[in-house]
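Lettering follows sequence order; numbering is per chain, from 1.
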Amino acid sequence: MPAADPADLLVWYDRHRRRLPWRAMPGERADPYRVWLSEIMLQQTTVQAVKPYFERFLTRFPDVESLAVAPQDAVMQAWAGLGYYSRARNLHACAQVVARDHGGRFPADETALRALPGIGAYTAAAIAAIAFGIPAAAVDGNVERVVSRLIALEEPLPAAKPHIREVTQAMVPQARSGDFAQAMMDLGATICTPRRPACALCPWMVACVARREGLQESFPRKAKKAPRQIRYGAAFVAERADGAILLRTRPSSGLLGGMAEVPGSDWRADYPLSQAILDAPCEARWRRMPGIVRHVFTHFPLELTVFHARLDRQAGAPEGMRFTGADELADEALPSVMRKVLAHALPQFGAPADKGGGKREPASRKRSGKKDAVEK
DNA sequence: TATTCGTGGCC
DNA sequence: TGGCCAAGAAT
């Protein structure tokens with residue numbers, strides 16, 4: 001059996017590489033700031049989702065310095081909707097460390113990169129290889145899939161990671177290590193896909209053990225994951241006479257850390273609706289909105305009952321909360337789940353987030369099959 | 001080593 | 001329709 005030759009992958013890459021906003025032209029040096037920013041955004045996030053955020057970030061924060069001196073609120077607002085918000089906090093912290101301790105330049109060293117906030121083993125290797133040409137092995141989910149198929153690795157993930165890393169490191173070429181890293185990811189994203197891989201188009205088809213046995217779709221082996229339990233809660237949309245909405249900021253760590261939200265209850269496995277009125281942020285004529293808001297986080301699904309109340313113009317915000325004008329809601333760091341809540345309570349707020357979900361039709365909502373809201 | 005941490009798209 | 005998946009990191 002022929003071994004997988006990195007040169008064959010690079011030949012394939014030169015012909016089929018994806019053109020992405022953060023990539024340099026062939027033969028040109030990639031900008032470390034762009035590489036870093038894109039790598040952080042791409043952690044567990046699809047290319048399609050990242051593209052508009054990447055462009056917006058570059059416009060608002062053209063370089064490390066501008067990001068370092070920006071208020072944290074501005075960074076969280078620009079990140080709102082992308083998810084995994086600790087990335088945004090670490091991104092900001094990392095920019096400040098680079099500005100203060102490294103003269104505004106990313107270190108051209110894998111170990112030094114690894115020490116920066118938000119940069120783990122994969123991202124350090126990716127930046128080292130792509131931005132600085134260091135022969136580092138950037139092992140992400142794509143590479144794990146490609147390599148585990150290539151050698152038909154029976155050991156399940158994540159235990160197999162060290163082994164996969166060794167095999168990958170041994171293949172990294174001294175020249176073009178950045179292209180090799182990106183080629184591996186392009187191969188995983190376009191050919192060696194999780195389902196129905198296009199083996200006939202793969203430069204490593206002949207070398208691939210899993211393919212030879214017709215078992216490519218069964219790799220990588222994976223340990224089974226823990227079951228998720230649904231949680232319930234209440235959310236309160238207080239609308240002042242001038243249209244302003246009562247908001248607060250979540251604690252800086254943990255779920256949706258540092259993001260804005262409407263006041264609400266804890267999210268628990270058991271939440272009797274009779275409890276809701278006790279969790280309201282203030283006294284008012286709370287009205288329960290028909291239906292519920294559903295949202296799915298990585299480790300649990302959530303169902304929120306939404307309450308709405310109108311407050312008069314003089315109403316003051318309770319301790320630790322604030323009113324935000326209707327026309328300023330878009331400037332708040334509201335995560336998607338809160339945009340759903342606002343859209344549910346305020347017809348004028350429109351569709352949640354900025355995605356292609358399109359218009360909701362409250363009147364024609366079906367009884368079942370709704371992801372975001374169902375009657376109850 | 002195992003959890004925690006978002007979101008949207010896909011079949 | 002629900003589970004899986006996407007350029008992982010921090011704890």
Identify whether any heavy atom of A:L20 sits under 4.0 Å from a base atom; if not, whether one sits that close to sugar-phosphate; answer base, sugar-phosphate or nothing.
base
Taking only the side-chain heavy atoms of [X] (C-beta and beyond), determine which of [options] contains the nearest atom.
X: A:N90; options: B:dG6, C:dA10, C:dC4; value: C:dA10
X: A:K340; options: B:dG8, C:dA10, B:dG6; value: B:dG8
X: A:H299; options: C:dA9, B:dT4, B:dG6; value: B:dT4
X: A:V47; options: B:dC5, B:dG6, C:dA7; value: C:dA7
X: A:T45; options: B:dT7, C:dA9, B:dG6; value: B:dG6
X: A:T46; options: B:dC5, C:dA6, C:dA7; value: C:dA6

Closest contact, heavy atoms only, A:E332 versus A:A260
OE1-CB, 3.8 Å
A:T249 and A:R322 have their tightest heavy-atom pair at OG1-NH1, 3.0 Å
In whole Å, what separates the [atom1] atom of [N] from that of [M]?
N: C:dC4; M: B:dT3; atom1: P; value: 15 Å
N: C:dA7; M: B:dA2; atom1: P; value: 23 Å
N: B:dG8; M: C:dA9; atom1: P; value: 23 Å

Looking at the base of C:dA7, is there any donor atom on it, or on the side chain of A:R18, that sits under 3.5 Å from an acceptor on the other one?
yes
State, without any angle test, whether A:R228 and A:T298 hold a side-chain donor-acceptor pair at a distance under 3.5 Å.
no
Between A:R17 and A:D186, does any side-chain N to carboxylate O distance fall below 4.0 Å?
no
Separation of A:N142 atom CG from C:dC5 atom C1', in whole Å?
11 Å
Would you tell me if any nitrogen or oxygen in the side chain of A:R228 comes within less than 4.0 Å of OP1 or OP2 on C:dG3?
yes
